[in-house]
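Single-structure report; data block below.
What's counted below: heavy atoms across the whole structure, side chains too, no hydrogens, waters or symmetry copies. Note that the numbering runs from 1 along the sequence shown for the chain.
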Amino acid sequence: MKNCLAILLLWFAAVAANAQVTTSVLGSHNLSSSQSPIVGGLPPCLYCHAPHNGVKGTSVGLWSQKLSTVQNYTLYSSGTLVNVPQQPVIGYSSNLCLSCHDGTVAPGQTTPYGNIKMSGSMNAADVFGQNLSSVHPFNFKLPLQSAPNLLASVTATPGSTANPSVRLIRGNVQCETCHNAHVQSIDSSNMFLVVDNSQSGLCLACHVSSPASIPMLTKKSTATNAGQSSSTRSATTKPVTYNALTAWSTSAHALGGFQIAKAANAGSHGTLQKNACLSCHTTHKGQARTAMLSSTKQALPNMDANAQTCMNCHNGGSTVSPAIANVYQEFAKKGHPFPAGVNTHLTNENAVLNKNRHATCVDCHEPHAAQKTSSFASSTIRPSQNGTSGVSAVDGATLVSPATYQYQICLRCHGTSTGKQTLATFGYLPTRVVTGGDPLSLLPALSTTAVSSHPISHDSQSPYSQPSLLKFMWNLDGHTQGRLMGSRLLCTDCHNSDDNREFGGTGPNGPHGSQNYHILERRYEFSQVAVGNTPQVGPGSTILNLLPMVVDPAASGPYSMCAKCHDLANILSNASFSKHSTHLNAGFSCSVCHTAHGVGTATASVPGERLVSFDVAVVAENDVLLTPITYNRASATCTLKCHNYNHNPNGTVTLSQGNQMNRVKKH
């Protein structure tokens, strides 16, 4: 027996020598040493191996530990998983590891030596139980199928990885593929990894990270929208057109030199660049199980599991050095709503978010492709949104993967998506006389065929002069010039954090949240009337919140959002409309007459030129003429009732009939 033990020990020493490890070989697997959390009295090798009378029917000869007989583990699943995990085979490879690590058989329950008396207990993190849904998938159904995120060599016959130390076991992924139970400290995590996983050396042995390593696929998958009943839910063909891992090597997460504290739970290698995949993902006991995302030390309230992982670093805490912008605090303002219960993000969900509407980080950012935004000159898409899917502005449904313009990402929710809501937290929403169908859809307003619009999905094409338009955008302070005005705008030029970095603040960029309604970067007020039946209240009645005109763009006036791009002094000069000064000095908001995004279609009475589409929750029909609300750009006149006054086609203004009657009654 001593000779057999000597042979085993010599073999372990040879393994250690090949791995160039100088510290203890078995580490915490030495159950005869204080290095292990659980200790017994046998020589170290005998807890797993026996020189004679090993467990029969095992893939490793001379096996000693009693086998787990669990036959119904809960396995990892994902909507994008091509290769299907199967139950571990009793006595074979991964099942040997699970004989201790599923917790159903205590260490020391050996077959040849009986139950060995043990002291201590296994670390909770090392006991998986029968639920393996948050453990990296293994023991796939063979033969392995090509998948967008796998190297072509892995699924070849015979299969191989990019690193000979990372082995496929009989052509399959097993625990032994990533772990060497006899050598603990090749990697700084001390997790018995077969190679150093700094900069994801282990992960990238199987997973792609560059365009050259992408297998050619024609496979299509179907995606359904969660939260819909079977009668309303429909499958949508989604071609595999883009793999964000192709951009990983140049992404912000692959190249970031930030120091990462242990509290971030983002790997053991010290920096973002070295932690690489482990900055966000874990191989065991993940939080968001379908993405194997790392769990957080402390859950943040009202935030879904995907975003929780992002907030490990993006919460303004001390986990990242140097500190990065605090995105989490923006959501505490008037921010995009996170998933709540049933409407969580799915990796294979349709690009158009219908009944499963939500706004989690990965809806607007692709973490494998996102790059640091160091320049704001581009007017197409921000580098931080590289690789994100979007939809076409032509029909609001065709997948664009990856999105080439920022608005394509926004249209996933703000276009044809069903289930859109008007949430009170975002403030008052005007009701436009010209809507073009769905009043909450921005698709008609952003279309290239729109009658008039802010140039977001297309270059500026207005046939009319823009005398108030500045050559640049004001920064948040209203005194320093920001980005030069181009031929297009970004959605984030208006919908942005109120302290964003692009326009001179110190906070994060993007529509995460703002102190202003509708996640607007700057203050913008909407004229409103009391709700009820006319004529005393309701449309056409007295506007309750008459606003003082503030010209200085630095003064945070009621139209500061407009003043970012438009010279308010020029507007007050009536250069483009003879009644601008009259209306604005009286305290009426731009929102009474103008819609911000655009007018998709025209009507006989309101042609939609110059973004004119009256708010019919504020104005009403002329109560003398009783004709539809009209606007005539050529004569600069309108026909309607506003603030208890009738506006007539000839440009005159008279007190409404209802108020005249009230005056008679009072007399």
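- Across all non-hydrogen atoms, the minimal contact from T639 to T627 is CG2-OG1, 3.5 Å.
- Atom OG of S527 sits about 5.5 Å away from atom CG of L547, to the nearest 0.5 Å.
- Taking N585 as the reference, nothing meets the side chain to side chain donor-acceptor pair (under 3.5 Å) condition, with sequence neighbours excluded.
- One distance of note links CG of N509 with CZ of R382; it measures 7.5 Å at 0.5 Å rounding.
- Judged as a salt bridge (charged side-chain N to carboxylate O under 4.0 Å, His left out), and not counting sequence neighbours, the contacts of R523 are E525.
- Side chain of S389 to main chain of S401: no donor-acceptor pair is present (N/O by atom type, distance under 3.5 Å, no hydrogens or angles).
- Taking a 6.0 Å sphere around CG of N533, one finds it holds 12 or fewer heavy atoms contributed by other residues, nucleotides or ligands.
- Checked by atom type and distance alone, the side chain of H479 never pairs as donor or acceptor with a backbone atom of A554 at under 3.5 Å.
- Proximity of a side-chain donor or acceptor of K334 to a complementary backbone N or O of Q515 within less than 3.5 Å is detected.
- The CG atom of L490 lies 12.0 Å from the NE2 atom of H495; values are rounded to the nearest 0.5 Å.
- Between the D623 side chain and the Q657 main chain, a donor and an acceptor come within less than 3.5 Å of each other.
- With values rounded to the nearest 0.5 angstrom, L353 atom CG is found 10.0 Å from T418 atom OG1.
- Taken to the nearest 0.5 Å, the OG1 atom of T404 stands 12.0 Å off from the CD atom of Q385.
- H458 places no side-chain N or O within donor-acceptor distance of the main-chain N or O of P455, the cut-off being under 3.5 Å.
- More than 12 heavy-atom neighbours from other residues, nucleotides or ligands sit within 6.0 angstrom of OH on Y428.
- Formation of a donor-acceptor pair under 3.5 Å by the T388 side chain with backbone atoms of E366 is found in this model.
- Checked by atom type and distance alone, the side chain of T431 never pairs as donor or acceptor with a backbone atom of V616 at under 3.5 Å.
- If you check the side chains of T542 and N644, you find a donor sitting under 3.5 Å from an acceptor.
- Aromatic ring centres of F526 and H518 lie closer together than 6.0 Å.
- Listed for the K641 side chain is no donor-acceptor partner under 3.5 Å among the backbone atoms of I629.
- Residue pairs satisfying the salt bridge (charged side-chain N to carboxylate O under 4.0 Å, His left out) criterion with at least one member in residues 468-492, sequence neighbours excluded, are listed as follows: D459-R488, R483-D493, R483-E502.
- Between the side chains of N574 and S581, at least one donor N or O sits under 3.5 Å from an acceptor N or O.
- Checking side-chain atoms of Q371 against main-chain N and O of N386 turns up no donor-acceptor pair under 3.5 Å.
- Side chain of H583 to main chain of K579: a donor-acceptor pair is present (N/O by atom type, distance under 3.5 Å, no hydrogens or angles).
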